[in-house]
Student: 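Structure in structure tokens, see below.
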2 protein chains.
Amino acid sequence: MTRSLTAKGAQTRRRIVLGAAAELRERGVDAVRLEDVMARTGTSKSQLFHYFPDGKEALLLAVARQEADQVLADQEPYLSELTSWAAWQGWRDLLVERYVAQGDRCPLGGLLGEAGRRAPAAKAVLTDLMDRWQAALAAGIRHMQAAHEIPPAVDAACAAAGLLAGIQGGVLLLTSTGRTEFLESALDLGIEGLRRGA
Amino acid sequence: MTRSLTAKGAQTRRRIVLGAAAELRERGVDAVRLEDVMARTGTSKSQLFHYFPDGKEALLLAVARQEADQVLADQEPYLSELTSWAAWQGWRDLLVERYVAQGDRCPLGGLLGEAGRRAPAAKAVLTDLMDRWQAALAAGIRHMQAAHEIPPAVDAACAAAGLLAGIQGGVLLLTSTGRTEFLESALDLGIEGLRRGA
DNA sequence: ACACGGCTGGACTTGCGGGTCCATTTTTCC
DNA sequence: GGAAAAATGGACCCGCAAGTCCAGCCGTGT
């Protein structure tokens, strides 16, 4: 993107993005203040605008990209290798554990809500994330179908979409109500449904 | 709550809440400005603070209560009478139709996200809504079990939780990506799962 | 009718937070 | 070593929107 970045500059930029991401998780999208990011990262306002001339929105967009990649990376090594029921179960457990540990801090939850309306670019990042996520699940389903573990009648894309919806809703309800049953039930029902060919 | 309300006063108050609700749907939780509510409802700032002395947060809380009740009311007459597969299907279709029509405006989506963190009262409204919603679904499942349409091994509460998670995620993804497949798949898979006893 | 209390209008204050500017220091590169 | 470019510090500006205040209006009851 922006050329001419000193090693020191790149490091500072990275520090800003990471600090902003942490601040985002703690405070929420629209409660993040540039001042907080400055304090956490030990930078000044001129630095923020030096590396992100388009201001807050551009910074948050960079953070969104970072977090979106992280969401998928956090599901490895399971997500890319959903080739056995054990892998599915491991993936399920990892997901639950991770989001329970996160508590009410969802890195992208805020963006999903409605922040995307004023920031179409952020919306694009989110839809792209969901596309990749759904594709990974669908690939896993097809692997299992090839291994005759899931009936061929199952539409992989549809099943993946439904499962993904369950995850998102489960996480949403986890963050807002503090209860894990929604996420766990959604995952268990979804996986059990695959087994039975729903 | 507030006593000594003239008929005219009650009407104005109601007008404010309704107008604020509309504004909330259109602009989102934290993008709502008191000024917008004033313009839409033809009221002045002193009126807003007259009826809601605690300011914006109290107003939005009143709106949240109103909208939460509406969400359940909108699912009638199906939600209370999930006693046949036809009723389940009708409920499913109604839900999809309603949210698709709403487009990217979700009355409570914003609150679910993270607004609840700074407004615990709003959070309580949401958890209460989800409780009632889940209970209604569980009741429907038990009806079907009594009619031997759903295997008795199914845990009604868990299945309802999973289904609800799918709905929330489906709506969330509908509002953020514009695609209906998530909501539809989640509902179809959930209902199909009930049939098969997942 | 008249007085009291709720109702309404609108100007004003205040604080917060994003964005700008420029002077200074540090790095890079020839 | 020195000029040019990048990195940094921090003071300043500005608009927006929540919340305050008070003066005047209605309508309700005795």
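So you know, we letter chains A, B, ... as the sequences are listed, proteins then strands, and number each from 1. Quick caveat: nothing in here was measured; it's all calculated off a predicted structure.
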Student: If we ignore hydrogens and angles and just use 3.5 Å, is the side chain of A:Ser185 paired with the main-chain N or O of A:Phe182 as donor and acceptor?
Tutor: no

Student: What is the ring orientation for A:Trp88 with A:Trp91, classed by angle as parallel under 30°, tilted 30 to 60°, or perpendicular over 60°?
Tutor: perpendicular

Student: Is any side-chain N or O of A:Lys45 under 3.5 Å from a base N or O of C:dG19, one able to act as donor and the other as acceptor?
Tutor: yes

Student: If I take atom CG from residue B:Leu174 and atom OG1 from residue B:Thr180, how far apart are they, to the nearest 0.5 angstrom?
Tutor: 7.0 Å

Student: May I have the distance from A:Phe49 (atom CZ) to D:dC12 (atom P), rounded to whole angstrom?
Tutor: 18 Å

Student: In terms of the nearest nucleotide of DNA chain D, which residue is placed more toward the 5' end: B:Ala7 or B:Gly55?
Tutor: B:Gly55

Student: What is the nucleic acid contact for B:Val32, judged by heavy atoms within less than 4.0 Å: base, sugar-phosphate only, or nothing?
Tutor: sugar-phosphate

Student: Would you indicate, yes or no, if D:dA5 has its OP1 or OP2 atom less than 4.0 angstrom from a side-chain nitrogen or oxygen of A:Thr6?
Tutor: no

Student: In this structure, how many angstroms lie between the C1' atom of C:dG6 and the CZ atom of B:Phe52, rounded?
Tutor: 16 Å

Student: Closer than 4.0 Å, any side-chain N/O of B:Lys56 to the OP1 or OP2 of D:dA18?
Tutor: yes

Student: Measure CE/B:Met38 against P/C:dA11 and give the value in whole Å, please.
Tutor: 11 Å

Student: Please answer whether the main-chain N or O of B:Pro151 pairs with a side-chain N or O of B:Gln145 as donor and acceptor at a distance below 3.5 Å.
Tutor: yes

Student: If you only use heavy atoms from C-beta on, which nucleotide in D:dT8, C:dT8, C:dG19 is closest to the side chain of A:Leu34?
Tutor: C:dG19

Student: Verify the contact: side-chain N or O of B:Tyr51 to OP1 or OP2 of C:dG6, cut-off strictly under 4.0 Å; return yes or no.
Tutor: no

Student: Expressed as a whole number of angstroms, how long is the span from A:Asp30:CG to D:dA18:C1'?
Tutor: 16 Å

Student: Return the nearest nucleotide to the side chain of A:His50; candidates are D:dA18, D:dT8, C:dT8.
Tutor: D:dT8

Student: According to a strict under-4.0 Å criterion, is B:Gln47 in side-chain N/O contact with OP1 or OP2 of C:dT8?
Tutor: yes

Student: Ignoring hydrogens and angles, are the base of C:dG9 and the side chain of B:Ser46 linked by a donor-acceptor pair under 3.5 Å?
Tutor: yes

